[in-house]
Amino acid sequence: MAEEMMEEVPVIVIEDEEGNEVYYHEETSLEYDGKKFSILVRYAEDENGEEAIPEDAETIIARVDMEDGEPLYVAPTDEEFEAVLREYERMFNEE
């Protein structure tokens with residue numbers, strides 16, 4: 001019997017407004033105005049209590065700044081958000 005290889009997906013932890021940890025994975029990243037932005041999709045638990053990504057999962061855009069050599073995911077400005085969203089939609093519609 002062949003073993004299935006499961007790809008490890010890095011988990012990004014972002015704190016919400018209430019201080020709760022919310023788990024995301026990076027769907028894709030792109031650059032705008034010399035800065036990196038990530039499209040992050042929220043993880044959820046499936047019926048077995050395992051991490052899963054539902055089709056209607058919450059998706060956010062985060063700017064990736066570097067702090068002490070580590071990525072720091074922060075909210076983009078309104079201008080950055082709109083520009084990155086347009087670029088992401090253009091990429092998505094090309095597929």
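Put simply, CE on Met91 and OG1 on Thr28 are 4.0 Å apart, with the number rounded to the nearest 0.5 Å. Note: Glu21 CD to Asp16 CG = 9.5 Å, rounded to the nearest 0.5 Å. One distance of note links CD1 of Ile12 with OH of Tyr43; it measures 8.5 Å at 0.5 Å rounding.
Side-chain contact between Ile61 and Ile39 is present, with at least one heavy-atom pair separated by less than 4.5 Å. A heavy-atom distance below 4.5 Å is found between the side chains of Val64 and Tyr73.
Checked by atom type, the side-chain pair Tyr88/Glu27 shows a donor-acceptor distance below 3.5 Å. Between the side chains of Tyr24 and Glu26, no donor N or O sits under 3.5 Å from an acceptor N or O.
Transitive grouping of hydrophobic side chains (ILVMFWY, heavy atoms separated by less than 4.5 Å) keeps Leu40 and Val74 in distinct clusters.
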Throw together a table of side-chain donor-acceptor distances under 3.5 angstrom for residues 75-84, partners on residues two or more places apart or in other chains.
| residue | atom | partner | partner atom | Å |
| --- | --- | --- | --- | --- |
| Thr77 | OG1 | Glu80 | N | 3.1 |
| Thr77 | OG1 | Glu80 | OE1 | 3.4 |
| Glu79 | OE2 | Tyr32 | OH | 3.2 |
| Glu80 | OE1 | Arg63 | NH1 | 3.0 |
| Glu80 | OE1 | Thr77 | N | 2.8 |
| Glu80 | OE2 | Lys35 | NZ | 3.0 |

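In terms of the side chain to side chain contact (heavy atoms under 4.5 Å, CB included) criterion, Asp68 has no residue partners (sequence neighbours excluded).
Using a 4.0 Å cut-off between charged nitrogen and carboxylate oxygen, Arg90 and Glu87 count as a salt-bridge pair.
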